[in-house]
Protein chains: 2
Amino acid sequence: MIQAIDRAAKVLSSLQGARHLGITELSAELGLPVSTVHGIVKSLQGHGLVSQEPGGNRYMLGPALLKLSNVYLDTLDVRARAMRWTLELARRTGLSTRLGVQLFDEVIIIHHNQRPDGSQQMPETGLAIPAHASAMGKVLLAYSPDYAAGLLGRPLGSLTGATITDPARLGAQFASIAGNGIATEEDEAVLGESSVAAPIVDTRGNVIAAVAVVVPSSEWPPDTSVLNGLRETARNISRELGASTWPPRAPQRSVAVPPES
Amino acid sequence: MIQAIDRAAKVLSSLQGARHLGITELSAELGLPVSTVHGIVKSLQGHGLVSQEPGGNRYMLGPALLKLSNVYLDTLDVRARAMRWTLELARRTGLSTRLGVQLFDEVIIIHHNQRPDGSQQMPETGLAIPAHASAMGKVLLAYSPDYAAGLLGRPLGSLTGATITDPARLGAQFASIAGNGIATEEDEAVLGESSVAAPIVDTRGNVIAAVAVVVPSSEWPPDTSVLNGLRETARNISRELGASTWPPRAPQRSVAVPPES
DNA sequence: AACGCAATTCGACAATGTCGAATATCCTCC
DNA sequence: GGAGGATATTCGACATTGTCGAATTGCGTT
């Protein structure tokens, strides 16, 4: 890991958390000399990744990120393929649907279909949800057992009173998810919202994304038709990506001690 | 400018243009040894800014960018303040409206209101348009005369047959825009689409963004009511940001030879 | 107008990233 | 199914490059 790039990424990450920061504040947060931080920030600014707060000496994230992320969404094959299916699923179920990918300990929503009832809803694309508190996250973790093992070793945050933070309980859920390909979450991220998710698989059988249906907790558990629709949607998207089987075969945990060769 | 960060940004920029690239392709494009590029890419990947193409050894932009850009949009004070006004403007005029900021030679659309006629339209937030081919770009350049001077020195690309690329003609437009605060563009970015834009000013009188109304070229020139609505919108947003005067005073070109002190 | 804080500039040192060669891995073509 | 080529990845020595502390400038405040 190149030090300067690592530090630059940490600067972006700090600005992501704090929105607006001065050089001194950043240097305190990162534990680096001010002049070092200054050099990094100016380099990022030179590419539009960071920008000066209008009328101030503090810094914030820059517009280049917006352009980059727009291209990122366009390059995602899954997203382009999935959109028509998730829209259909939203219509069928009358519920909002999501598509997400894993980013370390979180799930990033890469596409969102609003509930078709026409009510005013916030667009969710770009939102990040802690993986352990989300149905999509549980799916993704259940099929990345190595990463999941690491995650369960760390202390997990609680978002609502219902968030499951006990490693043993989560581990048990992962095992059963890897069996049948369906994950659920009840009020674990947002009170009043529960969700069901299923994995999306590519040609070589890797789980690369997850689809979810968001169900108001008042209507929990969802009807069987919702579950069937979700399963079909995940299967259709996966098939379009070239997957031969669905649900994916349960993953193997790579062993700590590899067999001697 | 820190070399490693500069190179990392160039890697992102290359991936932005080409979508999917292998290490060798990247190294050819940047004129750097493969091992150097590899180190940079792996560092970026370690922060989710770049990710491996599913089922391949090529690389693409990563999901962290989406999360960062989402926060970027949230931190923009102008955007939050402007949204309700641009929505109103779209309703009043029956046309689509845009909000944009400058990113070097381009304008990045940070908010977009669709035409209220209910037709299917592509969301434009995140789109980048060459500044010299856009009404918003012309506004922003007209109030950054130093940057504009540099831009006019470089050769300008043509997007449609109507794109103005002659430095003299553009320079003349900038002068008149700086006078009355209204810029126009006819078929210069997209055939069939023209637009009018006005500057948004903050407390200290800096032009920090632009609003625009997109007019189908078949309805050009727009009605006076559209121009008045646009002007009012720009003034309202600016006032909410603490600006005392609108339109902003014409900017002074900083002189090449500063007065001796 | 003067104080204090924060951002910025500068230069020397050595830690750090860079590069070329060697190795491993993947894909393609026979 | 095997061999060849191409591409990604690892490694270690060198010197370029980033880092750091001190000095300077600029800004906001009293």
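Letters A, B, ... mirror the listed sequences (proteins, then strands); counts begin at 1.
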Could you go through A:Leu26 and A:Ile40, starting from their C-alpha distance and side-chain angles, then the distance that decides it, and tell me whether this counts as side chain to side chain contact (heavy atoms under 4.5 Å, CB included)? CA-CA 11 Å; A:Leu26 266 171; A:Ile40 295 168; over 6 Å; no
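Between B:Gly22 and A:Pro33, it is B:Gly22 whose nearest contact on DNA chain D lies nearer the 5' terminus. For B:Val37 and A:Leu21, each mapped to the nucleotide of DNA chain C holding its nearest heavy atom, the one lying further toward the 5' end belongs to A:Leu21. Mapping A:Met1 and A:Gln52 onto DNA chain C via the closest heavy atom, the residue that lands nearer the 5' end is A:Gln52.
Look at CD1 on B:Ile40: it is 14 Å from C1' on C:dT16, rounded to the nearest Å. Rounded to whole angstrom, the span from the CD1 atom of A:Ile2 across to the P atom of C:dA15 amounts to 19 Å. Rounded to a whole Å, the CD1 atom of B:Ile23 is 15 Å from the P atom of C:dC26. Rounding to whole angstrom units, CG of residue A:Leu44 and C1' of D:dG18 are separated by 14 Å. Between B:Leu32 atom CG and D:dT17 atom P the separation is 11 Å, expressed in whole Å. Between A:Asn57 atom CG and C:dT9 atom P there is a gap of 13 Å when expressed in whole angstrom units. Atom CZ in B:Arg58 sits about 17 Å away from atom P in C:dC26, given to the nearest Å. For the pair B:Glu53 CD and D:dA8 C1', the computed distance is 14 Å after rounding to whole Å.
Residue B:Arg7 places at least one side-chain N or O closer than 4.0 Å to OP1 or OP2 of C:dT18. Dashed line: the shortest gap from a side-chain N or O of A:Tyr59 to OP1 or OP2 of C:dT8 is under 4.0 Å. Residue A:His38 has a polar side-chain atom (N or O) positioned under 4.0 Å from OP1 or OP2 of C:dT8.
B:Thr36 is listed as a side-chain neighbour of B:Arg7, based on a closest heavy-atom distance under 4.5 Å. Using a 4.5 Å cut-off on side-chain heavy atoms (C-beta onward), B:Glu240 and B:Arg235 make no contact. The shortest distance between side-chain heavy atoms of A:Ser27 and A:Pro33 does not fall below 4.5 Å. Side-chain atoms of B:Arg19 and A:Val71, non-hydrogen and from C-beta on, do get closer than 4.5 Å to each other.
The A:Gln3 side chain lies nearest to C:dG17 when the options are C:dG17, C:dT8, D:dG18. The side chain of B:Ala4 lies closest to C:dG17 when the candidates are D:dT19, D:dT9, C:dG17. Here C:dT9 is the nucleotide among D:dG18, C:dA7, C:dT9 with the atom lying nearest to any side-chain atom of A:Ser35. Nearest to the side chain of A:Thr36, among D:dC20, D:dG18, C:dT8, sits D:dC20.
B:Tyr143 and B:Asn206 are not linked by any side-chain donor-acceptor pair at a separation below 3.5 angstrom, with hydrogens and angles left out of the test. A donor-acceptor contact closer than 3.5 angstrom links the side chains of A:His47 and B:Asp6.
Within a 6.0 Å radius of CZ in A:Arg249, other residues, nucleotides and ligands contribute 12 heavy atoms or fewer.
Comparing the axis of the opening five pairs of the helix from C:dT16-D:dA15 to C:dC30-D:dG1 with that of the closing five pairs yields an angle of 10°, rounded to 10°.
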